[in-house]
There are 4 protein chains.
Amino acid sequence: MSVRVAVLGAAGYTGGEVLRLLLGHPAVEVVQATSGQFAGKRLDFPHPHLRGVGTLRYTPHDALESCDVLVSCLPQGELLLRWQKVCRLAERVVDLSADFRLDAAGHSRWYGKHPRPDDVPAFVYGLPEWMGEALTNARHVAIPGCMAHAGLLALLPLLHAGLARPDVLVVDAKTGSSGGGSTPDRSSHHPERANALRCYKPVGHRHTGELEGVAEHVTGQKPTIHFSATAVPGVRGILATVHAFAARPVEEAEVVRAIATRYREKPFVRLLRPSASLSPFPEPGPLLGTNHCDLAVDVDAERGRIVVNAAIDNLVKGAAGTAVHALNLMLGRPETEGLGFRGLHPL
Amino acid sequence: MSVRVAVLGAAGYTGGEVLRLLLGHPAVEVVQATSGQFAGKRLDFPHPHLRGVGTLRYTPHDALESCDVLVSCLPQGELLLRWQKVCRLAERVVDLSADFRLDAAGHSRWYGKHPRPDDVPAFVYGLPEWMGEALTNARHVAIPGCMAHAGLLALLPLLHAGLARPDVLVVDAKTGSSGGGSTPDRSSHHPERANALRCYKPVGHRHTGELEGVAEHVTGQKPTIHFSATAVPGVRGILATVHAFAARPVEEAEVVRAIATRYREKPFVRLLRPSASLSPFPEPGPLLGTNHCDLAVDVDAERGRIVVNAAIDNLVKGAAGTAVHALNLMLGRPETEGLGFRGLHPL
Amino acid sequence: MSVRVAVLGAAGYTGGEVLRLLLGHPAVEVVQATSGQFAGKRLDFPHPHLRGVGTLRYTPHDALESCDVLVSCLPQGELLLRWQKVCRLAERVVDLSADFRLDAAGHSRWYGKHPRPDDVPAFVYGLPEWMGEALTNARHVAIPGCMAHAGLLALLPLLHAGLARPDVLVVDAKTGSSGGGSTPDRSSHHPERANALRCYKPVGHRHTGELEGVAEHVTGQKPTIHFSATAVPGVRGILATVHAFAARPVEEAEVVRAIATRYREKPFVRLLRPSASLSPFPEPGPLLGTNHCDLAVDVDAERGRIVVNAAIDNLVKGAAGTAVHALNLMLGRPETEGLGFRGLHPL
Amino acid sequence: MSVRVAVLGAAGYTGGEVLRLLLGHPAVEVVQATSGQFAGKRLDFPHPHLRGVGTLRYTPHDALESCDVLVSCLPQGELLLRWQKVCRLAERVVDLSADFRLDAAGHSRWYGKHPRPDDVPAFVYGLPEWMGEALTNARHVAIPGCMAHAGLLALLPLLHAGLARPDVLVVDAKTGSSGGGSTPDRSSHHPERANALRCYKPVGHRHTGELEGVAEHVTGQKPTIHFSATAVPGVRGILATVHAFAARPVEEAEVVRAIATRYREKPFVRLLRPSASLSPFPEPGPLLGTNHCDLAVDVDAERGRIVVNAAIDNLVKGAAGTAVHALNLMLGRPETEGLGFRGLHPL
């Protein structure tokens, strides 16, 4: 018997990927999908990759009915505003926005004054490789920000193993354009964006709060994380380069071992070994459409630097895929169910 | 019980896609994969999208053993040279090169003197939407050239229905770089190819023979097809624009009806209706990785022109996907088995 | 003593290129530039390539003062509305929109009812290689549409020399995104446009009127021109592929000779000889920023087809560069003055 | 009377840009250009942007004759091998390779054993904004590596003013493909490179030696510079992001002032002010073809991080343009002579 899932705000880019994955998920039935702009249209109207997917039509957000699981792809701030009504309609909620990622203090710091600090429940931070058990029992999950997600997968094992100094960690993230969503503006206008190579948020990016908060939660240490985001050409994909500094003299092999051990049982995180591939570097290309994160480690022993690179598809591992991964964990399904696509190359 | 399939020349781009599709095919077991360059390496060594796919290793081409079906992705000319040996090893052969697409006379005309005109069997031309029954019973299938394939899907219904003049058909095909294969040269060097927009084969392209030959075979008319190929930026995807001229005054609705009728039962060809999508034009983007061909029709009644645009992924519908489609037909399996991936958007 | 030039609507993409060229033109002084959106800002505010260009600031369109030459980059329809006022402010006017390209009947046919058919002067069509003398004496010049421009340079010599049948000429134009201007919308949103390969105007494109009208004007024949426009990845550049059909049996050498002869004295049109370059195909890349048009000819004698490919930078040869070229002719200056940039490669 | 300049190895990408700039330089005559592969061909044969540039032909490297200034674009190692012969043919030499950037010890460390440590002269490091006077009197100049160049322009003012800690400086450089030169290989094969986003040299990059050596030379401090290089889509352009850490509490305004003061008289370095432009971030796009470097500064006072981003065209400011700039300084010409191109936007 299928789990009945509704998708709020399903007409945007993460919504389209959530629909793609759920429509192919053997244990799930998509019972409702909402859209402000496209209410009344078929699901595939704004999603050309879903052509012919069936006869379901978008309803307005306010027409949401009760379901087993609600997946929300609403823009930042929108679910918070609707929370009192929405929380009664679904046993479980997975939110892909930033509305519930931080506690009320953190939220106020990075996103502006929290509208209702007292009456929202604690959401579990949906980073499956590090929050596994908490997710298994969660009713409410907040999916990480895409760049924070890649950065955390790279830096947490270093902090956790005590290999890196927590007081100076640099996360230099490079991102395609789809993370900005489906609403046009000047910076996403093709002639302005096509060959962009610009560090659009050198300091002060909101994901800093998420990175520092989760790193502290996981390691018990209060780290200082320096985050910058750079727009690069391309639509999908993130590469997060973590520059960490060795807490004590280390060899590359030791760092490799620590990371490999940490992710050994994790089906979606792969530590690349240079000799195993003609394409030994983590890069988003062959990961697009998949829920994988590829990692690689390099150490400059002379200068005491550890570099970890993490590549993901921002719309899948960085959003919709992790939502489905979390849903699998919450429902006691196999972790990889519905997430078996292998990727394409070349692309 | 699985069908045992071997893939000859599996380390190139079409080989990588054939492996991806067959490794996910429920009725197939990949028992062998050959590579001249990578013999001894694991399957995923040259294919980053297949990381972790298992422990099978490439063998040299000459180590090919017997199997149920052989899929050959060898470069043009290579299978012909090995034919006497290879044909004894497999009951069925699907070839993705041009070696068996044309009869001996056609082959000599477009590819140089045929090395052994007398001792090769007739291959069925693997265009499933038009050769359905012949494919069902075929032992040997030649997969169409990728640009010819897109062009034929667009123009055959016009000729078949008598809507277009057969004496002047223009096929203006635009293609990404992956059709050129995985071997570097100056024209594929990234700085030279990245922003290429060049008609590299205005006349004399080899696919002309295939287009004219198949159109004659299907319609009984000897048409004149004018083919040009233009390199555009991008890695995957073909858009073939057919400029046809009405054999008699026609309205757009009549042409739409003729094409829609022709492909009604064909699961991989979709005639787009403009009102059904925010993205009403056939384009490769949302088709990448899938076996779909999207079509659209436009008529300039005043000037008597019919334009049909056809978009495909050159490595899937234009190569590996059609090989699997043909294999499904040959083996009496469901047409779409192993070909269910829906595509990604945006990409 | 410099010619005093004002630029109307100078904040868009063609305006930016007109400014770049005029600010480097030895015989010109830019005395005014107007913008609705950026009035009060410095010229380089919307134009990062003009950083540091000086202290001139945009004025509102209505603050236009008298000048020697007015170059208008206003969007289609805007100059027509202002014509009664504007025409008194400048001795000479060069317009880059479609407002004055067609006669009133043609305008009504392709652009909707002409607002004032009786009180606008005839503009000379600014195609310098074919209208040379008329331009020299012109007071009012309408710069051709960018795709029509490339198509005409390719097809006019064939018609003029009687080599091509006038009743069936196909112009298949491929274009980057910058021709669509600087205003964002969904189709220009980077994730939707980056890998676009779509024939967005298979029939009914407005440039058809321009192509047929000018071809008739130049040759005295009433041709039928079949035009389609395809969006390809990339920001700048147009490749127009003309498929023409030989009026009588011809060899390639004869067609080459006819075109070479026609453009021998024309500094901006180059007929490429394949043996002279590692990059023998016309393509926009090495032309970007320049006023050149590169042409190549290929003949399929067996099938009677003549293919002429024409590549230009849509914002320079297809807009701003031709405006400066026309201005040079009108003012009796050397044709190439201010247009000496050679282009970049690779790009 | 013109300065007679010969270009060694003029058929590659930096050679093509050196030719473009020198052919347009009013004080220079290009008297010879050499190429191993294209000897006997005209200059424009491998350079489509130089079509029609004249009748000069390439000679073999060994046919080099005496000249006033020799500009060498030979690949790394080649000029060193020819030095004894070449140094007698020209009064002045500008080298664009790494052969003379480091002293013999540094060279052996990063490039392998120096072939002749005793008999080569000291070259001046050609970083005009920091070596001005030494360059004015130089006979031999070594042009900086392109990524080192961008990194140094960003970090030297911080070190020089004592604002940044010298013991931990991270330079995260993003680069297009043209820096890899014109010789095809697998990593530059278009399908592999087009959407690349890979940190191909996380540690151990040779430019580290240059960065640390020059920083020590300029500041007298021995800094530790952590350099990583990431390949991003696109052909031209580098963005170097310097993550520095404040030596003492600083405000953004103070850092801005220090950098602005340092480069006030430098015509090619521009510190962007966010309010002055719709495009406030340094990015290579509008700089392509120009000799500019655009910089921006951001400070996270809370965490003590200073970020400086530097954008250049790797083939101009990062190679050929600086060669011409150095040549102007050596010859006592105006600094900007022959380097006046303003750039294009959008591109």
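Only this structure's heavy atoms are used, side chains among them; waters, hydrogens and symmetry mates stay out. Just so it is clear, the structure is predicted and the values come from calculations on it, not from any experiment. Proteins come first, then strands; the chains are lettered A, B, ... in the order of their sequence lines, and each starts at number 1.
Here A:Leu278 is the residue among A:Leu347, A:Val232, A:Leu278 with the most heavy-atom pairs under 4.5 Å with chain D. For the set D:Gly285, D:Pro191, D:Ala311, the count of heavy-atom pairs under 4.5 angstrom toward chain A peaks at D:Pro191. Of all the listed residues (D:Asp298, D:Thr208, D:Asp300), the one sharing the greatest number of non-hydrogen pairs under 4.5 Å with chain A is D:Asp298. Each of D:Pro202, D:Pro346, D:Pro233 has some count of heavy-atom pairs under 4.5 Å with chain A, and the biggest count is that of D:Pro202. Here D:Cys199 is the residue among D:Gly176, D:Cys199, D:Ser187, D:Ala196 with the most heavy-atom pairs under 4.5 Å with chain A. Between chain D and the options A:Thr224, A:Val170, A:Asp167, heavy-atom pairs under 4.5 Å are most frequent for A:Val170. When each of D:Gly204, D:Gly234, D:Ser228 is scored by its heavy-atom pairs under 4.5 Å with chain A, the top score falls to D:Ser228.
Salt-bridge annotation for D:Glu302 and A:Arg109: present, with a side-chain N of the basic residue lying under 4.0 Å from a carboxylate O of the acidic one. Look at A:Glu283 and A:Lys174 and you find no salt bridge, because none of the NZ, NE, NH1 or NH2 atoms lies under 4.0 Å from a carboxylate O. Salt bridge absent: A:Arg257 and A:Glu251 never bring a charged side-chain N and a carboxylate O closer than 4.0 Å.
For a residue to count as touching a neighbouring chain, one of its non-hydrogen atoms must lie under 4.5 Å from one of that chain's; by this rule D:Val203 touches chain A with backbone and side chain alike. If you measure heavy-atom distances from D:Arg236 to chain A, you find no contacts under 4.5 Å at all. Only the side chain of D:Glu212 has a heavy atom closer than 4.5 Å to any heavy atom of chain A.
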If you apply the rule side chain to side chain contact (heavy atoms under 4.5 Å, CB included), what do you find for A:Ile259 with A:Val269, and how did you get there? CA-CA 10 Å; A:Ile259 298 183; A:Val269 179; over 6 Å; no
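Counting only heavy atoms from C-beta outward, the side chains of A:Val168 and A:His226 approach each other to under 4.5 Å. Side-chain contact between D:Arg206 and D:Lys201 is absent, with no heavy-atom pair separated by less than 4.5 Å.
Looking at D:His49 and D:Arg20, their side chains never bring a donor and an acceptor atom within 3.5 Å of each other.
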